[in-house]
**Q** 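Please find one structure pasted underneath; my questions will follow.
So you know, we letter chains A, B, ... as the sequences are listed, proteins then strands, and number each from 1.
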There are 2 protein chains.
Amino acid sequence: MTTDSFELEQFLPYRLNRAAEFVGLRFAAHYKAKYGLTRPEWRTLAALGSSGRMTSKAVGIHSSMHKTKVSRAVFALEQRRWLKRSQDDADRRLEHLELTAAGQQAYRELIELARRYQTELEVEIGESGIEALSTGLTAIEEVIRRSGKGKQPEPDDL
Amino acid sequence: MTTDSFELEQFLPYRLNRAAEFVGLRFAAHYKAKYGLTRPEWRTLAALGSSGRMTSKAVGIHSSMHKTKVSRAVFALEQRRWLKRSQDDADRRLEHLELTAAGQQAYRELIELARRYQTELEVEIGESGIEALSTGLTAIEEVIRRSGKGKQPEPDDL
DNA sequence: ACGATATGGTTGCAAATGTAACCATCAATT
DNA sequence: AATTGATGGTTACATTTGCAACCATATCGT
């Protein structure tokens with residue numbers, strides 16, 4: 001037994017990764033070329049832009065990124081004067097993040113880009129493909145939710 | 001206009017990436033723990049195991065990996081004595097790769113792991129979810145095929 | 001046969017990432 | 001209030017990656 005064939009092409013993790021990479025890299029090329037943003041930076045901007053004032057930790061949860069990625073992205077966006085921090089005075093460990101006017105402006109432009117790209121994808125992939133994909137992704141997201149791992153755990157993964 | 005909301009959670013590149021990461025990392029944990037393999041190494045092994053003798057370039061195409069990733073993975077597997085190279089004597093630039101007995105053995109064990117993981121996923125995600133996902137992925141793969149970018153271009157991406 | 005160009009593969013270097021350790025602050029227990 | 005243990009966030013260090021330059025060989029045009 002266990003003798004039959006195995007093809008990478010039909011292995012789900014491989015297929016997913018390949019698709020994600022393709023779709024993601026193409027979009028990244030857009031904002032990288034236009035604004036020199038990295039992916040963590042773009043995600044942080046998106047989180048902050050859509051949900052307003054929030055802490056680094058919240059950004060991490062919202063965008064499924066590890067502490068350190070968020071930390072560095074926040075730093076970079078701060079340098080760029082696209083966001084500002086402010087200490088919480090009840091709990092001095094945490095700081096609230098907020099987009100500056102420039103940051104909000106950039107955010108608006110970026111999500112416009114994102115929307116265009118998404119519809120571009122919808123055209124290429126086709127309505128039925130998109131719908132199927134979305135259904136499948138929702139199912140996986142449910143599994144992620146159940147397993148509690150949106151990425152950004154402190155003690156340990158495994 | 002362009003004023004309405006944008007949510008990362010429903011942006012396709014984000015969702016795909018998140019799902020791929022989740023599914024991929026969990027599987028990687030398996031072979032990393034058991035054999036200390038990296039992902040490029042596992043992919044190379046899988047390609048070689050299923051298709052037999054082939055060149056580095058072919059591995060790259062088969063597994064959607066860039067030259068350099070393949071090169072380093074091949075080197076690592078060679079150290080481990082899981083594969084051997086042999087020069088093509090018609091064209092001395094290219095070398096053919098082949099798994100050793102040990103490599104084939106490892107391959108068999110690994111694909112057994114992979115199969116188990118895949119069915120585990122099928123249970124978690126549910127038959128209908130898997131089916132939808134597969135349909136969607138196929139649609140994207142079609143786009144990738146058309147755009148010719150399976151990853152591993154020489155001159156340039158953009 | 002000769003130079004230009006292309007191709008398989010490797011390597012050096014810079015940038016991105018993950019991990020763990022760390023700092024500061026807060027909360028709970030005593 | 002002193003000790004212990006979380007928690008938000010940053011940083012140092014090692015590993016992984018991506019890119020460009022590179023080497024060797026092969027091909028094409030002349």
**Q** With sequence neighbours excluded, what pairs up with A:E124 under the salt bridge (charged side-chain N to carboxylate O under 4.0 Å, His left out) test?
**A**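 Here the qualifying residues are A:R26.
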
**Q** So if I take every side-chain heavy atom of B:K67 and compare against D:dT16, D:dG9, D:dA21, which nucleotide ends up nearest?
**A**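 Of the options given, the side chain of B:K67 lies nearest D:dA21.
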
**Q** Answer with base, sugar-phosphate or nothing: what part of the nucleic acid does A:R85 contact at a heavy-atom distance below 4.0 Å?
**A** sugar-phosphate

**Q** Only counting residues at least two apart or in another chain, list the ones meeting ring-ring contact (aromatic ring centres under 6.0 Å, His included) with B:F11.
**A** A:F27, B:F6

**Q** Which residues satisfy the ring-ring contact (aromatic ring centres under 6.0 Å, His included) test with B:H30, sequence neighbours excluded?
**A** B:Y117

**Q** Rounding to an integer number of Å, can you tell me how far A:N17 CG sits from D:dT16 C1'?
**A**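 To the nearest whole Å, that distance equals 15 Å.
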
**Q** For nucleotides 23-26 of chain D, print each protein N/O atom paired with a nucleotide N/O atom at under 3.5 Å, atom names and distance only.
**A**
| unit_1 | atom_1 | unit_2 | atom_2 | d |
| --- | --- | --- | --- | --- |
| D:dA26 | OP1 | B:R92 | N | 2.6 |

**Q** Quick one: on DNA chain C, does B:T55 or A:K69 contact a more 5' nucleotide (nearest heavy atom)?
**A**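 The answer here is B:T55.
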
**Q** If you count heavy atoms of other groups shown closer than 6.0 angstrom to CD of A:Q79, is the number above 12?
**A**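 Yes, CD of A:Q79 has more than 12 neighbouring heavy atoms, counting only those of other groups under 6.0 Å.
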
**Q** Evaluate whether atom CD of A:Q104 has more than 12 neighbouring non-hydrogen atoms of other residues, nucleotides or ligands under 6.0 angstrom away.
**A**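 Check passes, neighbour count above 12.
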
**Q** Counting heavy atoms from C-beta on, name the nucleotide in D:dG9, C:dT17, D:dT16 closest to the side chain of A:P40.
**A**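 Of the candidates, C:dT17 comes closest.
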
**Q** Whole Å only: how far is the CG atom of A:L37 from the P atom of C:dA16?
**A** 12 Å

**Q** Measure the distance from CD on B:E95 to C1' on C:dG9 and round it to the nearest whole Å.
**A**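 My rounded result for the distance is 7 Å.
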
**Q** Taking only residues two or more places apart in sequence or in another chain, which ones pass salt bridge (charged side-chain N to carboxylate O under 4.0 Å, His left out) with A:E9?
**A**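 If we apply the salt bridge (charged side-chain N to carboxylate O under 4.0 Å, His left out) test to A:E9, skipping adjacent residues, there are no hits.
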
**Q** Specify the separation, in whole Å, of atom CD1 of A:I61 and atom P of D:dG9.
**A**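 About 10 Å, once rounded to whole Å.
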
**Q** Does anything in residues 75-91 of chain B pair up under salt bridge (charged side-chain N to carboxylate O under 4.0 Å, His left out), and if so which pairs, sequence neighbours excluded?
**A** B:E78-B:R85, B:K84-B:E98, B:R85-B:E95, B:D91-B:R93

**Q** Going by side chain to side chain contact (heavy atoms under 4.5 Å, CB included), name the residues that satisfy it together with B:T135, two or more places apart in sequence or in a different chain.
**A** A:A132

**Q** By side chain to side chain donor-acceptor pair (under 3.5 Å), which residues pair with A:S128, not counting sequence neighbours?
**A**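 For A:S128, no residue satisfies side chain to side chain donor-acceptor pair (under 3.5 Å) once neighbours in sequence are set aside.
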
**Q** What pairs of nitrogen or oxygen atoms, one from the protein and one from nucleotides 11-14 of chain C, lie under 3.5 Å apart?
**A**
none

